[in-house]
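Here's the structure, in structure tokens; my notes come after.
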Protein chains: 4
Amino acid sequence: MSETMKAAVKSKPAPKSTEVREVPMPEPRPDEVLVRVKMSSICGTDVHIYDWDAWAAKRIQVPLVQGHEFAGEIERVGSNVTGLRKGEYVSAEGHIACGRCTMCRTGNAHVCKNVSIIGVDRNGAFAEFLTVPASNVIVNDHNLSPELATMQDPFGNAVYTTMNANVPGKTVAIFGLGPIGLMAVALCRAMAARKVIAIGHRNQYRMDLAKKIGAHLVLRSSDTLADEVTDATAGEGVDEVLEFSGSETAVQQAIKVVRPAGGIHLLGLFPKPLTLDISEMVTKGVSIHGIHGRLMYATWYQMGGLLKSGNVNLRPILTHKFSLDDYNEAMEVMRSGNCGKVAFPMEG
Amino acid sequence: MSETMKAAVKSKPAPKSTEVREVPMPEPRPDEVLVRVKMSSICGTDVHIYDWDAWAAKRIQVPLVQGHEFAGEIERVGSNVTGLRKGEYVSAEGHIACGRCTMCRTGNAHVCKNVSIIGVDRNGAFAEFLTVPASNVIVNDHNLSPELATMQDPFGNAVYTTMNANVPGKTVAIFGLGPIGLMAVALCRAMAARKVIAIGHRNQYRMDLAKKIGAHLVLRSSDTLADEVTDATAGEGVDEVLEFSGSETAVQQAIKVVRPAGGIHLLGLFPKPLTLDISEMVTKGVSIHGIHGRLMYATWYQMGGLLKSGNVNLRPILTHKFSLDDYNEAMEVMRSGNCGKVAFPMEG
Amino acid sequence: MSETMKAAVKSKPAPKSTEVREVPMPEPRPDEVLVRVKMSSICGTDVHIYDWDAWAAKRIQVPLVQGHEFAGEIERVGSNVTGLRKGEYVSAEGHIACGRCTMCRTGNAHVCKNVSIIGVDRNGAFAEFLTVPASNVIVNDHNLSPELATMQDPFGNAVYTTMNANVPGKTVAIFGLGPIGLMAVALCRAMAARKVIAIGHRNQYRMDLAKKIGAHLVLRSSDTLADEVTDATAGEGVDEVLEFSGSETAVQQAIKVVRPAGGIHLLGLFPKPLTLDISEMVTKGVSIHGIHGRLMYATWYQMGGLLKSGNVNLRPILTHKFSLDDYNEAMEVMRSGNCGKVAFPMEG
Amino acid sequence: MSETMKAAVKSKPAPKSTEVREVPMPEPRPDEVLVRVKMSSICGTDVHIYDWDAWAAKRIQVPLVQGHEFAGEIERVGSNVTGLRKGEYVSAEGHIACGRCTMCRTGNAHVCKNVSIIGVDRNGAFAEFLTVPASNVIVNDHNLSPELATMQDPFGNAVYTTMNANVPGKTVAIFGLGPIGLMAVALCRAMAARKVIAIGHRNQYRMDLAKKIGAHLVLRSSDTLADEVTDATAGEGVDEVLEFSGSETAVQQAIKVVRPAGGIHLLGLFPKPLTLDISEMVTKGVSIHGIHGRLMYATWYQMGGLLKSGNVNLRPILTHKFSLDDYNEAMEVMRSGNCGKVAFPMEG
């Protein structure tokens, strides 16, 4: 094996400042595997790091190879690893939980207090190879295309959110049409939601994509949105709201449009505290659920089953592919918003 | 309005003995509505009454107009009825709950101890008109065809069973391919089950129908069935079993093929006590759920949503239509098993 | 029977303005019962009406007999009432649901859109007699004292909130020590919560009462409260928060002190929108549940069972009794906060 | 440290045949800890091995040190162990799950297909020292007595069963009054069950113990038992049945006495298949839940909280203590049934 590999390296604590260059081949520890990347893809978090925003400046140590969404093949297994072997087609959960805290020991590893994240707290997948703990590896169905396999980490966010809302037969409003919101549209359609109302903001590209994926109704956020949604449900309100936009207005509208005893499921994060009419939520008997990450690893098994069902129209969401050499160009497309998911297929 | 109507009347406490003849038009009580039937359909229970089996001999008072599956139009509303009006397109829940017992008052009206049943304990839908309590009426979406609307009562059994198993992403084995089992196949496919394994017995007609509706795999019950199902799930066992066959062997096999921590959902009834390996069920941490009727009326609202989603391939299950004049012929087709659901469209 | 009865009548649309005087005896409609009141008690809502605040000015029509918490005996049953009879010892759910809307028909009558409330929208229990719909009547265990029976309506709020949090074995923080908050303290202790932390504000009387009822720890709201609660849970945070205070600070602190994947249950209402760190709630995977009223009537059956268990130390919460003639004095005690629940035993 | 320790060694594949003698001190592997036992206790499984019944003959390899219920102090930690240290007061989950199978990765480690059990598949706690995997160690509250701490493994069975039935406010029938059944009695009382009906068979000692622990009603199994239970619930039936007896009759009676939409929770195992009226269970809409082991490790955290609450009257269940030297005598007491839990305090 070669002693170096190609990687996109965030080299300085500053916006952009990413170089695609040769770096030393990583070495798996005894409980890790080394994976040869076949496809990786860009998460919103990667854009925050690329842009070096306030969060990134506080959290990230450079140099760093970003990227936690990928599909690849096991190249080598650490000395203590059992049950995995060279050549297996895999992806991985990006959150590495400690396994010992109260959360980890009670089925809540997704909110482990000592979590570290691939491509954020350690080198990730925007490279020819990466190492990941064996515990986090998911063996993919060999019929699953790398295009779908690399999207599983964000798809897991969408699956966790959507499964939490138990959507079959229900009317669902989806706020925010980035890749995860679009995946939720596909999921609600796949699971026989009564009516899927996709709500975008300014981005026509993504509203068109929502329509293509199967939303029954696509609306643009506005002052009259709550009335439009209420009208679209014959005055009853929606059964469930899935929120991926990170917008205060969206949550305010969610409380208005959800029916009594309905649910609001929040995956999006917000740059500042929100001002909300909590009394309306209380008198309506509504629940608001914070959704973080994916259940480890129940959500991954659900994902495998959902993808296998053939019902989920996920492929149109991956709209762009770039060579890793064109890393900066790919990031700029992602920043523009005129895209769904953006991926890096690896040569060879 | 005419003073008489056509009805199929079970006239004697004996097998068959049904006459299609003119009877007095029924009169709605103050809390009832009179419905003009557009389509009715035959339930397995109707065959038991037609055959005058031991259960029927004990339960049924003749003369009786059978039938609890129907779609029609409200012709007249009783003096105390509010919120319903002449001309509305309706179906009805066939179980009339008392509303006052502990079960009714705690959200379990589906197991009311004082229940009476339309077409069993009072005259039903195999006629030009029937009366039903206003509380039981469901207003149908005007785009729902009478063919689908009349099937809602049994579809509700299938929906309650399938929703109880929470099937999206899961592997499901369905035992028994009568109309309700076939509806469950359609529902599992509609909700993105990972793999739908439909298990028939001797009836090739219905196994073919299961395939047509979308079962991923159709198996015939046999001594090796448990092994076949286990193989079809890569040795893991199925996540959920839905049982509609009423066969002891099916439940015995269900306990074998369900994975640890999985669920078995029983709608079928059994002619005698079953001998089961309960220890295997316990050490596997499996739950067995008895499913009776439909949740009143939560299941009906779920049904409305599922039918509206467009995902449920229900129409092929209604395979035969007969004039009410050919009542006995219709019953014989139903008894032969070479059919899905059998319906009576009403003229005019 | 007498043709008049004594009642406390809110006679003018203005603060206080309540007169205790003779009024005509109410007449039950066909589906109602007439109840002779043995004990009634004052809810916070009654104080809002007494004070004629903005909400009351908008909602209330005078003249009105207030009061929805009571225990009494059936004096007469309406002509259509079945299953109830003169002399039965009863209380009643104060929310009268329509029975026909989607919420009512799907097990969510507690958030019926057409609700009317006893003692708010129609005459209530601060009188010798009142009428209530038969559907809302609860027959009390004959061993239940009127002091406990009259408190069931608010106790139902506490039960619904506490059962929603599934507290056995858990650490629970309770914000707000009015009568319902105190009842929640008693309930958490009754159900074997690991640690019950009762949080008051300025009212020492009620903090002392919380201690007496069995709170493991009583804290006073302050800037350092979140740290105190965290310390009291060895840094883990509480499993569940029950909020009865109606204070913005309480909800802000709740989000801080709840552990990841924990729950916040809000019964309190808030005079204005709240500004909350929703991102913290999302990254912790926390759910916030709006709790309204009581489940109809599942919560009432749970209440009956909990009171019968003998574990619930409820009696100390009823701290004051007044003759109905001293209505204004009772209201002033209630307004002072130096009390738990205040009741009116009726002579005779 | 000494190179040998005292242990009770099942030395031959035959009944009894246990010798208390010196054996080599066990050595913890890198991921294990060595624990100095302070108290251990006898499980029913230990009696099966002692008696060398058919199950034992098939499963057990001799020589074996039995015992999986214990409390002790960490004496030494393996080289890879983090988060635990010498001197900590601990107990342990007796089921060692593989951590890699589908069940382990989806929150169902309690039904891991590759489980091995302490004191069954490897040496256990009837000795001065034992080794256990660090993953299985539970650090006990330092106020928890060794008498309670050693009972946690079976208490976990009782907690899992009881929590699954969600008993606050409910009427519960408990079949089987061995130590785990008695613990369930204590738990139902601790959590404010409405009425706890404890059902014994021939063993008066344990029926007396059930009364002492707080059962509202103690009944003896008989042909009229179903009627007695029904009468004790005013004809409604019990909300939940917890079954610990391993008797076919008990499950048959459970189906009769449980109310519609109620639950039956089976922990007991049965020597042969059971013949059950499953149709009655189905028409009543009842669920039967197989309960195996304890949730890993959610149940352990619940246990900690329940014991800390002060509500659980557990101590009377430990009725006998023996020196390890009197091992055979202790086993004979356990076999007689005239006891609750039997423990071995270790000297020093």
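A note on names: the letters A, B, ... follow the listed sequences, proteins ahead of strands, and every chain is numbered from 1. If you're wondering where the values come from, they're calculated on a predicted model, not measured in any experiment.
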Residues in residues 256-283 of chain C near chain A [non-hydrogen atoms, under 4.5 Å]: C:Arg259, C:Pro260, C:Ala261, C:Leu266, C:Leu267, C:Gly268, C:Leu269, C:Phe270, C:Pro273, C:Leu274, C:Thr275, C:Leu276, C:Asp277, C:Ile278, C:Ser279, C:Met281, C:Val282, C:Thr283
If you check every heavy atom in residues 159-184 of chain C against those of chain A, which residues fall under 4.5 Å? none
Counting heavy-atom pairs closer than 4.5 Å to chain C, which one of A:Val251, A:Thr106, A:Ile288 comes out on top? A:Ile288
Using only non-hydrogen atoms and a strict under-4.5 angstrom cutoff, which residues of residues 151-158 of chain A touch chain C? none
Interface residues of residues 232-248 of chain A facing chain C - heavy atom cut-off under 4.5 Å: A:Gly235, A:Glu236
Looking at A:Asp223, I want to see if its CG is surrounded by more than 12 non-hydrogen atoms of other residues, nucleotides or ligands under 6.0 Å. no
Quick one: do A:Lys284 and C:Lys113 satisfy side-chain contact (heavy atoms from CB on, under 4.5 Å)? Show the steps, please. CA-CA 9 Å; A:Lys284 284 167 85 169; C:Lys113 286 184 173 179; over 6 Å; no
